[in-house]
Amino acid sequence: MIECFWYILASALAGVGTGLVGLSAATVMVPILIVLCPSFAGETGAYQATAIALASDILGSAVTTATYIRHKNIDLRRGWIMLMCIIGMCTVGSFAAWRAGNVVLGGFTLILTFCIGIRFLVKPSTERAEGPAKGATLDWKGIAISLFFGLTIGFGTGFVGSGGGMMMLVVFTAFLGMELKSAVGTSTFIMTFTALIASVSHILIHPAILLDRWPVLLLCMTVAPAASLASARFANRVDSRTVGLVTGVVLTLLGAVLILLHYWEYIKAVPLLHGVLACTLEFLEYIIPAAVILLCLHHFFKIPSHVFRKLLHLAAFTCLVEMMWAAEEWYQASLTALLFATVVYPILCALEGQPWFGGLFVQKGPGEVKKSLLLLFVMDAVLAAVCWGGFSLPWAAAASILMWGAGDGTAALAGHRFGKHHVTLPLADPKKTWEGSAAMLAVSTAVGTVTMLILTAMPWHHCLLLALAAAIPGAYTELISKNGYDTVTVPVVNAAVLLALHLMLEAAPIN
């Protein structure tokens, strides 16, 4: 029953990829089947999964092509040479795949999925600014390009069962100058025939695919075309950049997860990798539900923008503490923070041009969200390394982050609601108010005290003393920090004060 769920999910995702950007079904289906379905884990599992994906591609590509033709998004005058070359090499690639075996085929497909996703995130739209008109004939250079890539893609179609969709898309747009949607329509037209030839070749070479796997084959060939039709209709109604970004996010996440699952036994043998990835997975278990809840709140309730901004703020700083809680060593927390920032930052760079981005994240200025995220997670990595790794005091990092996060959020809300008296201290931002600063001081002190009571064995008056002593310079630092740099300056000041005073109390304890 569980495997049936994965069959349906794999087919649906494969269909969506075909309809959106002309990806072959194998790009998505094969990794899911060989990693998550035990019945495909045998010696010929990847080969059988490839054949099923190719068979699903036949109808999926056909209904996708029909949709793109209806919207006049197809250009066979520039694609006919590719069609002939690819068809001619499909059978050769299928035979080579059978000889290569399960390990080569499976690992290649997993990595291919991840790389395609990264490619779409980096460059969601591939067409040239100036390209030939739709239906223009090929020149000698276009013929040479079509011959070279047609032969190589044809072999790859049979070998990894990719259908050549992604490779054809890149060639049509980057080398032959087609508009993205015309490239998708043309590539799916070609895939209709190549998938038919390659799937038949696979089945003739290994008849057990049809004799033993016919229920799976029938299910996938039903679900994939339905998903292809729905996604193709969507793709023809939105701009090419949106289609590319959606595909990039899905394939990057899918590829990364499946690679981890596929090579988990090897990863476990390296303590550093295993620890960082285990910490990352626990971190994602916290941040993903939090993100879903926030999106639902934003969609279904009319939350004021400044309040929703602080809810995002709450999720961000609490997830850092969760990250340290999940780690067994300081370097796991630090590397997890850096890994997350490295992955998410380019995604935010790609998405920030979308119309909905500014409304969702409530930016004060262009690029604020990506800059704040980068500063926040790098700061967390440094605090974990210094407080935990350098002084063996992980609670100092957690307390400094919570004091800043809770205090800064309270200051903004209190200043917005009650702020009437502006601060006139040296270097202070004149927009800040005494009411907001007082709220930050009180909340930072309370949160710091409670955090240290929970995480340390210090008496309550020591915890209160440390928290108050750190909250005062922290509140002033927030007043003088501009352009969002309080994300770094306030936690660093908090941590410095906590570390210094704790060391002093240990050297000369107060009775």
Worked verdict on C4 versus L219 for side chain to side chain contact (heavy atoms under 4.5 Å, CB included): CA-CA 9 Å; C4 185; L219 178 63; 4.1 Å; yes

Heavy-atom check, side chain of T67 versus side chain of F234, under 4.5 Å: no

Beyond-backbone contact of V184 with N73, side-chain heavy atoms, under 4.5 angstrom: no

ring-ring contact (aromatic ring centres under 6.0 Å, His included) partners of F317, counting only residues at least two apart: H313

Minimum heavy-atom distance between D486 and P491, given as atom pair plus value: O-CD, 3.3 Å

K371 NZ/CZ over Y345 ring centroid, <6.0 Å and within 45° of normal: no

Over all atoms of both residues, closest heavy-atom pair of S146 and I81: CB-CG2, 3.6 Å

Closest approach of A333 to M323 (non-hydrogen atoms, all atoms of both residues): O-SD, 3.5 Å

Whether S231 side chain and S228 backbone form a donor-acceptor pair below 3.5 Å: yes

Close side-chain approach of E3 to V216, heavy-atom, < 4.5 Å: no

Test item: Y331 and C279 side chains (from C-beta on) under 4.5 Å apart, heavy atoms: no

Evaluation steps, side chain to side chain contact (heavy atoms under 4.5 Å, CB included), between L33 and W6: CA-CA 7 Å; L33 294 180; W6 294 123; 5.5 Å; no

Exercise: identify the closest heavy-atom pair between Y7 and R213: OH-NH1, 4.4 Å

Atom of A384, atom of W330 and distance for their closest heavy-atom approach: O-CB, 3.7 Å

Side-chain donor/acceptor of S61 to backbone N/O of I58, under 3.5 Å: no

Expected output: side-chain T186 to main-chain D75 donor-acceptor under 3.5 Å: yes

Euclidean distance, D212 CG relative to Q48 CD, rounded to 0.5 Å: 7.0 Å

From M29 atom CE to L9 atom CG, the distance as rounded to the nearest 0.5 Å: 10.5 Å

Side chain to side chain, M168 and M82, heavy atoms closer than 4.5 Å: yes

Y286 and T318: side chain donor to acceptor below 3.5 Å: yes

With sequence neighbours excluded, residues passing side-chain hydrogen bond (donor to acceptor under 3.5 Å, both in side chains) with T65: T188

Nearest-0.5 Å distance that lies between atom OG1 in T18 and atom CG in L229: 12.0 Å

Side chain proximity check, F40 to V30, heavy atoms < 4.5 angstrom: no

Inter-residue atom distance M84.CE - L151.CG, 0.5 Å rounding: 11.5 Å

Validation row: S11, M221 side chains within 4.5 angstrom (heavy atoms): no

Distance, nearest 0.5 Å, that separates CG of L375 from OH of Y485: 6.5 Å

Point-to-point distance, once rounded to the nearest 0.5 Å, from CG of N236 to NZ of K72: 13.0 Å

Intermediate values then yes/no, side chain to side chain contact (heavy atoms under 4.5 Å, CB included), F340 and L335: CA-CA 8 Å; F340 184 79; L335 291 176; over 6 Å; no

Nearest heavy-atom neighbours spanning A316 and C319: O-SG, 2.9 Å

Pairwise side-chain contact, L373 with L376, heavy-atom cut-off 4.5 Å (strictly under): no

Donor-acceptor contact present, side-chain D57 to main-chain A25, <3.5 Å: yes

Steps toward side chain to side chain contact (heavy atoms under 4.5 Å, CB included) verdict (F149, V171): CA-CA 8 Å; F149 284 106; V171 173; 3.6 Å; yes

